[in-house]
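Values in this document were obtained by computation on a predicted structure and should not be read as measured data. Residues take their numbers from the sequence shown, with the count starting at 1.
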Amino acid sequence: MALVALPRLTGWVPLTVTSGSMTPTYPVGSQVVVEPLDHPGGIDEVSVGNVVTFMPHPDDPSLVTHRVVGIGSTTGGEVVLTTRGDANTATDEGGIGQRELRGRVRYGVPLAGYVATMLDAREKHIVTRVLGGLLLAYAAYALGSAAVRAVTSTRAPDGAPGVLREGSVASGRRAEGET
């Protein structure tokens with residue numbers, strides 16, 4: 001549900017991690033959910049420590065997801081991000097400007113990328129509905145169980161409905177001083 005419902009509601013995009021450059025934070029096969037920041041001024045929403053997704057080469061649609069390790073600016077005043085994969089020792093070549101930035105990672109789910117790449121759109125739709133139904137059934141069960149416990153905990157010791165009265169024995173033990 002975290003990979004389908006929340007991104008649909010917020011406009012975020014799920015992407016599968018295909019390299020080990022962000023290990024151990026996001027190992028291969030994880031799915032990261034990215035908040036788009038490719039609008040003007042989006043780069044101003046990024047801080048050092050954020051993990052961002054960017055397109056390092058304008059003519060290549062490949063995306064890279066790395067951590068921001070520095071923020072600077074060009075002589076023209078454009079904000080430039082310095083990035084590095086968590087598993088890498090060197091920073092990425094060149095800076096990432098607003099033009100290259102695609103978004104900021106909001107969260108990741110280990111192994112979910114494997115499932116996402118194995119299923120086609122129809123299968124994903126079915127799995128989402130089944131999991132959603134199971135989640136709703138569990139919620140109904142949890143609420144029902146809580147309601148039953150609430151009702152049974154307010155019964156008198158003899159089983160009759162009502163509130164425990166002064167001098168009654170709730171746990172089989174009498175209060176100190178009672179006979």
Side-chain angles (χ1 to χ4, degrees), residues 1-74 78-143:
M1 295 307 291
L3 292 174
V4 178
L6 186 58
R8 282 193 181 172
L9 292 172
T10 59
W12 299 348
V13 180
L15 300 171
T16 299
V17 175
T18 59
S19 81
S21 67
M22 282 302 293
T23 301
T25 309
Y26 302 116
V28 173
S30 296
Q31 192 157 51
V32 293
V33 177
V34 178
E35 171 190 17
L37 293 178
D38 52 354
H39 55 275
I43 200 164
D44 296 326
E45 299 175 36
V46 177
S47 302
V48 170
N50 288 162
V51 177
V52 296
T53 297
F54 56 94
M55 192 168 60
H57 308 290
D59 299 332
D60 181 0
S62 299
L63 297 174
V64 174
T65 298
H66 282 170
R67 188 172 308 279
V68 176
V69 295
I71 299 177
S73 61
T74 64
E78 179 187 357
V79 176
V80 178
L81 308 175
T82 302
T83 57
R84 178 176 60 232
D86 288 358
N88 298 346
T89 56
T91 58
D92 299 326
E93 290 183 25
I96 306 304
Q98 181 64 63
R99 183 172 168 222
E100 294 83 19
L101 181 65
R102 292 296 170 260
R104 174 178 45 205
V105 173
R106 299 306 296 207
Y107 62 92
V109 179
L111 305 176
Y114 289 126
V115 175
T117 55
M118 288 187 324
L119 303 176
D120 64 26
R122 185 178 100 358
E123 292 167 330
K124 287 178 189 174
H125 185 72
I126 291 169
V127 168
T128 301
R129 297 232 179 216
V130 168
L131 291 176
L134 290 172
L135 186 61
L136 288 174
Y138 174 74
Y141 168 77
L143 288 172

(Q) Testing Asp92, Thr65, Val68 one by one against Phe54 for a side chain to side chain contact (heavy atoms under 4.5 Å, CB included), which residue passes? (A) Asp92
Q.
Restricting to side-chain contact (heavy atoms from CB on, under 4.5 Å), what partner residues turn up for Thr91, sequence neighbours left out?
A. Val69, Thr82, Arg84
**Q.** Spacing of CG belonging to Asn88 relative to OG1 belonging to Thr23, to within rounding of 0.5 Å
**A.** 9.5 Å
Q) Is Val105 close to Tyr26 at the side-chain level, that is, under 4.5 Å between some pair of heavy atoms? A) yes
Q) Could you give the distance from NE2 (His66) to CD1 (Ile96), rounded to the nearest 0.5 Å? A) 10.0 Å
Q: Please report the closest heavy-atom contact between Ser62 and Pro56, naming both atoms and the distance.
A: O-CD, 3.6 Å
Q. Got a sec, which pairs hit salt bridge (Lys or Arg N to Asp or Glu O under 4.0 Å) with one end in residues 11-22, sequence neighbours left out?
A. none
Q: Could you pull out the closest heavy-atom pair between Ala87 and Gly20, with the gap in Å?
A: CB-O, 3.4 Å
Q: Decide side chain to side chain contact (heavy atoms under 4.5 Å, CB included) for Val52 and Leu101; before the verdict, give the C-alpha distance in whole Å, the side-chain angles of both, and the deciding distance to 0.1 Å.
A: CA-CA 8 Å; Val52 296; Leu101 181 65; 3.9 Å; yes
Q. Considering all heavy atoms of both residues, which atom of Ile71 and which atom of Val79 are nearest to each other, and what is their separation?
A. CG2-CG1, 3.8 Å
**Q.** Residue pairs involving residues 15-25 (criterion salt bridge (Lys or Arg N to Asp or Glu O under 4.0 Å); sequence neighbours excluded)
**A.** none
Output a table of donor-acceptor pairs, distance under 3.5 Å, between side-chain atoms of residues 32-46 and any protein atom two or more places apart or on a different chain; print 'none' if there are none.
unit_1: Glu35; atom_1: OE1; unit_2: Arg104; atom_2: NE; d: 3.4
unit_1: Glu35; atom_1: OE1; unit_2: Arg104; atom_2: NH2; d: 2.9
unit_1: Glu35; atom_1: OE1; unit_2: Arg106; atom_2: NH1; d: 2.9
unit_1: His39; atom_1: NE2; unit_2: Glu45; atom_2: OE2; d: 3.1

**Q.** Residues in side-chain contact (heavy atoms from CB on, under 4.5 Å) contact with Thr74, at least two apart in sequence or another chain
**A.** Glu78, Val80
Q | Qualifying residues under side-chain contact (heavy atoms from CB on, under 4.5 Å), relative to Leu63, sequence neighbours excluded | A | Leu15, Thr53, Met55, Arg102
**Q.** Selection residues 59-74 - residue pairs positive for salt bridge (Lys or Arg N to Asp or Glu O under 4.0 Å), sequence neighbours left out
**A.** Arg67-Asp86
Q | Interatomic spacing from CG in Leu81 to OG in Ser73 - rounded to 0.5 Å | A | 11.5 Å
